[in-house]
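The next block holds one structure in the form of structure tokens; read it before the comments.
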Amino acid sequence: MRVIVDNIIKQTLLTKLSYRTANVTVLGLGYVGLPLVVAFAEAGFVVTGIDPDKKKIEAIQKGESYIQDVPAEQLARLVKAGKVMATGDFTALKNADAVSICVPTPLRKTGDPDLSFILSVTDQLAMYMHPGMVVVLESTTYPGTTREILLPKLGVDNDLVAGETFFLAFSPERVDPGRHDWTTYNTPKVIGGITPACTEVASRWYAQALKTVVPVSSAETAEMTKLLENTFRMVNLGLVNEMALICDRLGIDVWEVIDAASTKPFGFMKFMPGPGIGGHCIPIDPLYLSWKLRALHYTARFIDLASEINTNMPRVVVEKIQDAFNDRGKSLKGSSILVLGAAYKPDINDLRESPALDVMGLLEKKGASVSYHDPFIPVIEHDGHCRESVPNLLEAIRAADCVVIVTNHSQYDYAAILENASLIFDSRNALGHIGRDHPNVVRL
Ligand SMILES: NC(=O)c1ccc[n+]([C@@H]2O[C@H](COP(=O)([O-])OP(=O)(O)OC[C@H]3O[C@@H](n4cnc5c(N)ncnc54)[C@H](O)[C@@H]3O)[C@@H](O)[C@H]2O)c1
């Protein structure tokens with residue numbers, strides 16, 4: 001009898017998902033959550049977004065987008081059509097059939113995972129769990145989180161059985177902010193459930209809104225997939241950053257070497273060195289894995305080494321700037337430095353973990369007076385300091401003793417920067433061939 005009832009629960013949910021009549025709720029409306037809300041709403045679901053951040057709720061209610069990848073017109077249209085609602089009130093979960101969790105997973109100051117957001121959102125959701133719900137965790141985390149943390153609180157404590165009376169899965173978000181060819185809609189979505197039935201239900205839901213769903217055998221496989229992807233990037237960035245240091249010692253142009261190696265049509269993938277790595281994923285996610293492995297008495301050596309090399313890059317940049325001043329018989333102390341680009345990568349407004357913050361801090365520690373310009377980030381509030389992007393870029397370039405290119409935004413006119421700056425430190429090879437062998441340019 002119980003089996004029949006459970007089967008009815010599953011079939012009823014599958015039908016609601018297939019006909020897109022299921023009430024969808026997204027918990028956490030940031031870089032990951034808001035695009036997901038829009039993807040589900042565009043597929044025809046009515047979607048409620050819940051977030052404690054009042055500013056985000058008010059913005060969505062007014063149809064205003066605060067995420068670069070979500071066009072305001074699209075959001076406004078969906079809000080007006082009643083397809084998207086936003087609230088800070090968790091009682092909205094009472095009517096939810098399908099819930100996606102997109103809360104932050106940062107690191108603590110000690111470098112250990114900060115699971116407090118996952119823990120608190122799980123407690124909030126647990127109060128409203130009922131039979132016939134599907135829950136998908138999207139926040140990047142260590143393998144085992146869905147089963148060890150979410151399953152007991154959402155399932156066991158509510159007398160719900162995963163795969164029978166409710167469905168629980170992990171699906172990593174792969175969004176690459178600022179990218180237009182691969183979006184939330186068309187980037188294949190890996191999904192792994194606590195049981196095969198959980199994978200089936202979660203996959204059915206996501207397949208309504210996203211182009212390609214890739215089911216895997218377990219939640220742990222899905223969790224680990226994300227960490228493999230991000231560790232792959234982190235380690236390769238660590239490798240290419242070390243290659244930059246090696247080439248520097250050997251007096252070889254690393255940028256030319258990379259361009260030449262990239263002509264190989266197979267077996268090589270291009271990664272670029274730089275002033276350090278930033279963003280909410282690459283510098284952080286692999287550390288979730290190494291933390292988990294430490295508890296199992298295993299050292300994730302590649303992660304630790306890459307992290308060490310990448311973390312040290314802002315220091316390398318500052319040392320090279322100091323050398324450039326010395327070579328010109330000048331002193332970094334007392335000089336005025338203009339940093340170009342503060343975002344962690346080109347053409348986006350995301351400052352999280354950006355190496356620009358470290359580069360500016362280290363330059364100031366050496367006694368330089370530092371200003372910055374970023375067309376996407378008008379103000380930086382960090383470590384108790386508030387900085388404003390310089391209003392007149394050309395004037396600031398002419399006035400600076402050194403211009404440091406930290407982020408190679410595509411809208412900068414690099415020829416004009418070269419023409420007007422007395423000294424440029426180019427940490428991204430943004431100047432390309434025009435900067436090569438130029439007496440006023442020093443490259444990483
Ligand atoms: N940003 C990316 O490019 C990216 C890419 C892939 C994966 N991820 C992962 O996705 C997750 C979310 O990242 P993000 O960039 O969207 O973070 P974010 O900080 O932009 O957004 C998270 C949102 O969750 C909200 N929140 C906090 N506690 C909450 C709660 N209890 N209930 C509901 N909402 C709550 C916050 O107010 C915030 O609006 C992280 O685990 C991150 O590692 C991010």
Side-chain angles (χ1 to χ4, degrees), residues 25-39 47-60 65-70 85-93 96 99-107 113-128 135-143 145-146 149-150 153-154 170-179 182-184 187-190 210 222-223 225-234 277-289 291 343-345 347-354:
T25 299
V26 174
L27 298 174
L29 302 171
Y31 288 88
V32 168
L34 191 59
L36 195 63
V37 164
V38 168
V47 188
T48 306
I50 305 183
D51 198 297
D53 185 337
K54 283 197 187 95
K55 280 192 192 148
K56 287 188 176 134
I57 299 305
E58 281 166 19
I60 295 173
S65 174
Y66 46 86
I67 300 287
Q68 226 177 327
D69 292 343
V70 174
M85 284 164 285
T87 175
D89 180 2
F90 283 80
T91 58
L93 279 165
V99 180
S100 188
I101 301 175
C102 309
V103 296
T105 43
L107 292 177
D114 176 359
L115 289 172
S116 59
F117 296 95
I118 289 194
L119 289 168
S120 76
V121 81
T122 306
D123 285 339
Q124 279 153 326
L125 174 56
M127 290 195 279
Y128 301 99
V135 176
V136 173
L137 176 63
E138 294 234 358
S139 304
T140 309
T141 180
Y142 65 84
T145 308
T146 312
I149 294 183
L150 274 74
K153 290 187 176 203
L154 301 183
F170 182 84
S171 179
E173 176 50 59
R174 289 165 151 174
V175 69
D176 184 9
R179 199 166 181 138
W182 292 106
T183 60
T184 300
T187 305
K189 197 89 169 86
V190 171
L210 308 180
E223 290 163 335
T225 301
K226 174 73 182 174
L227 294 178
L228 169 61
E229 291 165 10
N230 283 0
T231 302
F232 173 83
R233 277 195 66 74
M234 181 210 222
I277 57 173
H280 190 32
C281 292
I282 309 301
I284 293 176
D285 301 346
L287 302 183
Y288 270 67
L289 186 58
W291 172 85
Y344 79 86
K345 66 172 197 167
D347 303 337
I348 61 162
N349 63 358
D350 193 343
L351 191 65
R352 290 179 296 178
E353 311 295 323
S354 174

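Here the structure is a predicted model, which is why all the values come from computation and not from measurement. Start at 1 and go down the list; that is how both ligands and their atoms are numbered.
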Is the backbone of Val26 close enough, under 3.5 Å, to the side chain of Ser100 for a donor and an acceptor to pair up by distance? no
Under 3.5 Å, side chain of Gln68 to main-chain N/O of Asn349, donor-acceptor pair present? yes
Between Val26, Ile50, Val32, flag the one that comes closest to atom 44 (C) of ligand 1 by a heavy atom. Val32
For ligand 1, which part of Pro172 has a heavy atom less than 4.0 Å away: the side chain, the backbone, both, or neither? neither
Check: [X] N/O within less than 3.5 Å of ligand 1 N/O:
{"X": "Asp53", "value": "no"}
{"X": "Arg174", "value": "no"}
{"X": "Thr105", "value": "yes"}

Salt bridge or not for Asp176 and Lys345, using N-O below 4.0 Å? yes
Please round to the nearest 0.5 Å and tell me the distance separating atom CG of Leu150 and atom OG1 of Thr122. 4.0 Å
Heavy-atom contacts with Lys226 under 4.0 Å: which atoms of ligand 1 show up? List them by number with element. 6 (C), 7 (C)
Please list, in number order, the atoms of ligand 1 under 4.0 Å from a heavy atom of Gly28. 23 (C), 24 (O), 25 (C), 33 (C), 34 (N)
Residues passing the ring-ring contact (aromatic ring centres under 6.0 Å, His included) test with Tyr142, sequence neighbours excluded, are Trp291
